[in-house]
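Below is one structure; the comments refer to it alone.
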Amino acid sequence: MPVPPCPTLVASVLPADFACLGAGVRDLERAGVDRIQSDVMDGHFVPNLTFGPDVIGATRGLVGLGFEAHLMVTEPDPMLPRWVEAGCELLIVHAEAVTHLHRTLSRIRELGVRAGVALNPATPLTAVEHVLDLVDLLLVMTVNPGFGGQRYLAGMATKIAAARAAIDGRGLDIELEVDGGIGPATIGAAARAGATAFCAGSALFEGPGSMADRVAALRTAALGAVAA
Ligand code: DX5
């Protein structure tokens, strides 16, 4: 599946009404987002528990958007094929949750999908400098993972900028995504720091106007920030 244009707006379905997740995913597609993120939490790597591949698979056929699985799980390797079978074209693992990151990222690509690696706020960029050639996406968390509706950590701007410089400096074709607290008031700072993909949850499901208005407002704020 081709990489959506920048800014890439990714919708987290964590704030969706789980009783009608399918309708929520359809609403997001109609509202104009570029990709759907499923926040997979195991109650161990993060203090929260969400859903498995069968839930994601149940919504796969309802929309044409790409699916990314943000795997906030310890040792994700045994279940990697399950997320691919569920229809995810991008699997994102956490550098802190994997013992053999080089092997895990290589395995994801062997499964024929795109590989992503995520960094918690406290984790330095150096944790992934030796595997950047194995990834299609680098995710800089702008909150501590586990819950939606948290405040954006402005201090992550320096890590986003350093990631941007590392990617450009090595001429790599990697999406630079941010996730957590992304909204109309914060997306500009992340875009200016060099992010190209923006995952938002509560800012899409709550706020003024329709969901489509909120998507357009985020896109305009991101574009405006880098054009300025
Ligand atoms: C948090 C998740 C995020 C979260 C984003 O661990 O990874 O995707 O759902 O939600 P907001 O945009 O509300 O911070």
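We count ligands from 1, going down the list as the structure has it; atoms in each ligand are counted the same way.
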Got a donor-acceptor contact below 3.5 angstrom from the Arg214 side chain to the Gly209 backbone?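 Looks like yes, one N/O pair under 3.5 Å.
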Crowded around Asp17 CG? As in, over 12 foreign heavy atoms under 6.0 Å?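 Buried by this count: over 12 neighbours within 6.0 Å.
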Who pairs with Phe45 by ring pair (Phe, Tyr, Trp, His ring centres under 6.0 Å), at least two apart in sequence or on another chain?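 Only His94 meet the ring pair (Phe, Tyr, Trp, His ring centres under 6.0 Å) criterion with Phe45.
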CD/Glu89 to CG/Asp136 distance, rounded to the nearest 0.5 angstrom?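 Between Glu89 CD and Asp136 CG, I get 9.5 Å after rounding to 0.5 Å.
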How long is the straight-line distance from CD1 of Ile174 back to CG of Leu134, given to the nearest 0.5 Å?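 Interatomic distance, Leu134 CG to Ile174 CD1, rounded to 0.5 Å: 9.5 Å.
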Are a donor atom and an acceptor atom from the side chains of Thr50 and Asp39 found within less than 3.5 Å of each other?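 Asp39 and Thr50 do not have a side-chain donor-acceptor pair below 3.5 Å.
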Give every pair made of an N or O atom of ligand 1 and a protein N or O atom lying under 3.5 Å apart, one pair per line with both atom names and the distance to 0.1 Å, or write 'none'.
{"residue": "ligand 1", "atom": "6 (O)", "partner": "Gly146", "partner atom": "N", "Å": "2.7"}
{"residue": "ligand 1", "atom": "7 (O)", "partner": "Asp39", "partner atom": "OD1", "Å": "3.0"}
{"residue": "ligand 1", "atom": "7 (O)", "partner": "His70", "partner atom": "ND1", "Å": "3.3"}
{"residue": "ligand 1", "atom": "7 (O)", "partner": "Asp179", "partner atom": "OD2", "Å": "3.0"}
{"residue": "ligand 1", "atom": "8 (O)", "partner": "Gln37", "partner atom": "OE1", "Å": "3.1"}
{"residue": "ligand 1", "atom": "8 (O)", "partner": "Asp39", "partner atom": "OD1", "Å": "3.1"}
{"residue": "ligand 1", "atom": "8 (O)", "partner": "Asp39", "partner atom": "OD2", "Å": "3.2"}
{"residue": "ligand 1", "atom": "8 (O)", "partner": "Asp179", "partner atom": "OD1", "Å": "2.8"}
{"residue": "ligand 1", "atom": "8 (O)", "partner": "Asp179", "partner atom": "OD2", "Å": "3.1"}
{"residue": "ligand 1", "atom": "9 (O)", "partner": "Ser12", "partner atom": "OG", "Å": "3.0"}
{"residue": "ligand 1", "atom": "9 (O)", "partner": "Asp39", "partner atom": "OD2", "Å": "3.3"}
{"residue": "ligand 1", "atom": "12 (O)", "partner": "Gly201", "partner atom": "N", "Å": "2.8"}
{"residue": "ligand 1", "atom": "13 (O)", "partner": "Gly149", "partner atom": "N", "Å": "2.8"}
{"residue": "ligand 1", "atom": "13 (O)", "partner": "Ser202", "partner atom": "N", "Å": "3.1"}
{"residue": "ligand 1", "atom": "13 (O)", "partner": "Ser202", "partner atom": "OG", "Å": "2.4"}
{"residue": "ligand 1", "atom": "14 (O)", "partner": "Gly181", "partner atom": "N", "Å": "2.8"}

